[in-house]
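Heads up, the thing below is written out as structure tokens.
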2 protein chains.
Amino acid sequence: MQVLRTMKSTSDILYKDRAESLEGNQSGKREQTKLANRAAILEAGRQIFAELGYEGTTVRDIIRRTELASGTFYNYFKSKEEVFHALHDDGVARFKPLLRAARENAGQDFQAFMITAFEAYFNFLLNDQTIDREMAAMPEWTRVRFDTPESLALFDELKGDIVAFATEFKLDHVDPELLTASCVGIAQEIGDRLLRGRIKDIQAAARFAAYFVLGGSQRVQSEMQA
Amino acid sequence: MQVLRTMKSTSDILYKDRAESLEGNQSGKREQTKLANRAAILEAGRQIFAELGYEGTTVRDIIRRTELASGTFYNYFKSKEEVFHALHDDGVARFKPLLRAARENAGQDFQAFMITAFEAYFNFLLNDQTIDREMAAMPEWTRVRFDTPESLALFDELKGDIVAFATEFKLDHVDPELLTASCVGIAQEIGDRLLRGRIKDIQAAARFAAYFVLGGSQRVQSEMQA
DNA sequence: TACGATGTTGACGCGCTGTCAGCTTTTCGC
DNA sequence: GCGAAAAGCTGACAGCGCGTCAACATCGTA
């Protein structure tokens, strides 16, 4: 049984455009059903992952929340891992424009870029429907982390931005790879604590991270010159 | 069949002392067998996790590399997760004294502490038999991360050290939680790149990280005061 | 030596995995 | 519209991993 009629508005909003961009955007019955099924599986996956954790969920759990038969799952995804990847990439894709906006609004102001970018990330993490939020909020010991091509592309884009600013500010002794890695590490670790409520103030955290990176870069530059 | 006779020297060295400290350290046949079995399972687990990844390994895979029967596994661990935790905690326990040594050798020198601590961590990650090394070296998308009580204790100890230095250096506007989180994030992200060979020079990386943290803290202090 | 205690063994029932032959629905040429 | 072919949904199936447990083997003790 297909799920066209049971499509939820959230899944519609979240996945339809993305799915359409992957395949042709015809409006035949067949295409619509495929889109709806894919969306239904993803939405079910989001829910189940949030409820049972990554380890705990099975393909059967996901498909059961759907009106599809078990075999149908494999027409859309190879495994639960692939579903998770899709959800994760979805989040990355939604965050990307926020990062771009931060860079464009900042102009040549490195500090403004950093503050805006960190704040955008933290807000995104806490408020948007990221699968990572659902997962990190669980009080479990075992976390999963994914490095999808989409994630790596985001990393590279960030690195490009940082290199541009580093050049502008004559930080020629600061290794861009190390600098970008540090930014990402700080964002992740602080983001994790925000998600678990160990830290509350997003804006304070963003300013902390931004000043930290700025001061850190400058110190590295002056020490490495010597 | 028990595995006393097949105990390998590595597992002997790695797990025996630790296991003994958990239970009584009698030398009866029974106690010896328990120690040997536990060690055999852990050593098999280390191998299999490295070969198949965390996701890919099953309890059966682990026990099969052993001469024990499947049921015996559950006399020692509840799940593969628990085996992984034990291996992870083992690594944390071996790293702890290195961190203590860094602090004691540094005296009141914050910079020396940071450089030594980061370098110790990176060296440990790359050279010691950490389960995390085996895992991160795999070119897979899916990573696991564990927050065991042992890990959290290490985090708290590090936070204590950092607070001490922060007090000493009048960094009273620098949130210790944020600062420690940043240090950990930087260490993890740079460590990850070292493991995958994207960064080569350990000492340069350690100096980068240390200067970064020092400069970052100072900048945060001066900005937050204003 | 004999007996209770402790620990090991592997078969078992259950549930999940990925597949595939059969069936239903859609598409398309006429 | 109609009918055949294509597309894709369905659920049963074989294979395997899971955790358990009754039967068995080994150890400690008197």
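The structure displayed is predicted, hence computed values, not measured ones. Every chain is numbered from 1 and lettered A, B, ... according to where its sequence line falls, protein lines coming before strand lines.
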Original post:
C:dG7 C1' sits how many Å from B:F73 CZ, rounded?
Top reply: 16 Å
Subject >> Nucleotide C:dG18, atom P - distance to CD of A:E81 in whole Å >> reply: 11 Å
**OP:** Take the protein atom CD of A:E82 and the nucleotide atom P of C:dG18, then report the distance between them rounded to whole Å.
**Re:** 11 Å
Original post:
Contact class for B:T72 (heavy atom, under 4.0 Å): base, sugar-phosphate, or nothing?
Top reply: base
**OP:** Please step through side-chain contact (heavy atoms from CB on, under 4.5 Å) for the pair A:F95 and A:V92, ending with a clear verdict.
**Re:** CA-CA 5 Å; A:F95 177 65; A:V92 173; 5.8 Å; no
Original post:
Between B:G71 and A:G71, which is nearer to the 5' end of DNA chain C once each is assigned its nearest nucleotide?
Top reply: B:G71
**OP:** Return yes if some donor-acceptor pair links the side-chain N/O of A:R65 with the main-chain N/O of A:R60 below 3.5 Å, else return no.
**Re:** no
**OP:** Please report, rounded to the nearest Å, how far the C1' atom of C:dC14 is from the CG atom of A:D61.
**Re:** 15 Å
**OP:** Please find out if less than 6.0 Å separates the ring center of B:F118 from that of B:F212.
**Re:** no
Original post:
OP1, OP2 of C:dG7 versus side-chain N and O of B:N37: anything below 4.0 Å?
Top reply: no
**OP:** Starting from P on C:dT19, measure out to NZ on A:K78 and report it in whole angstrom.
**Re:** 11 Å
**OP:** Would you kindly give the CD-to-C1' distance between B:Q32 and D:dT26, to the nearest whole Å?
**Re:** 15 Å
Original post:
Under 4.0 angstrom, heavy atoms only, what part of the nucleic acid is A:S70 near: base, sugar-phosphate, or nothing?
Top reply: base
Original post:
Considering heavy-atom distances to DNA chain D, does A:Y76 or A:R60 have its closest nucleotide positioned more toward the 5' end?
Top reply: A:Y76
Original post:
When you check the phosphate oxygens OP1 and OP2 of D:dG17, does a side-chain N or O of B:R64 lie under 4.0 Å from one of them?
Top reply: yes
Original post:
Any ion pair linking A:E189 and B:R145 (charged N to carboxylate O, less than 4.0 Å)?
Top reply: yes
Original post:
What is the nucleic acid contact for B:F77, judged by heavy atoms within less than 4.0 Å: base, sugar-phosphate only, or nothing?
Top reply: nothing
Subject >> N or O in side chain of B:Y74 less than 4.0 angstrom from D:dC21 OP1/OP2 >> reply: no
**OP:** Report yes if at least one side-chain N or O of A:K34 is closer than 4.0 Å to OP1 or OP2 of D:dG8; otherwise report no.
**Re:** yes
Original post:
Rounding to a whole Å, what distance do you find between A:I63:CD1 and D:dC9:P?
Top reply: 10 Å
Original post:
Taking the six-membered ring for Trp, are A:F84 and A:F77 ring centroids under 6.0 Å apart?
Top reply: no
Original post:
Within the modelled atom types, does a donor on one side and an acceptor on the other bring the side chain of A:R30 and the base of C:dT27 under 3.5 Å apart?
Top reply: no
Original post:
Within less than 4.0 Å of OP1 or OP2 of D:dT26, is there a side-chain N or O belonging to B:K29?
Top reply: no
**OP:** Could you state the atom-to-atom distance from CG of B:N75 to P of D:dT26 in whole Å?
**Re:** 16 Å
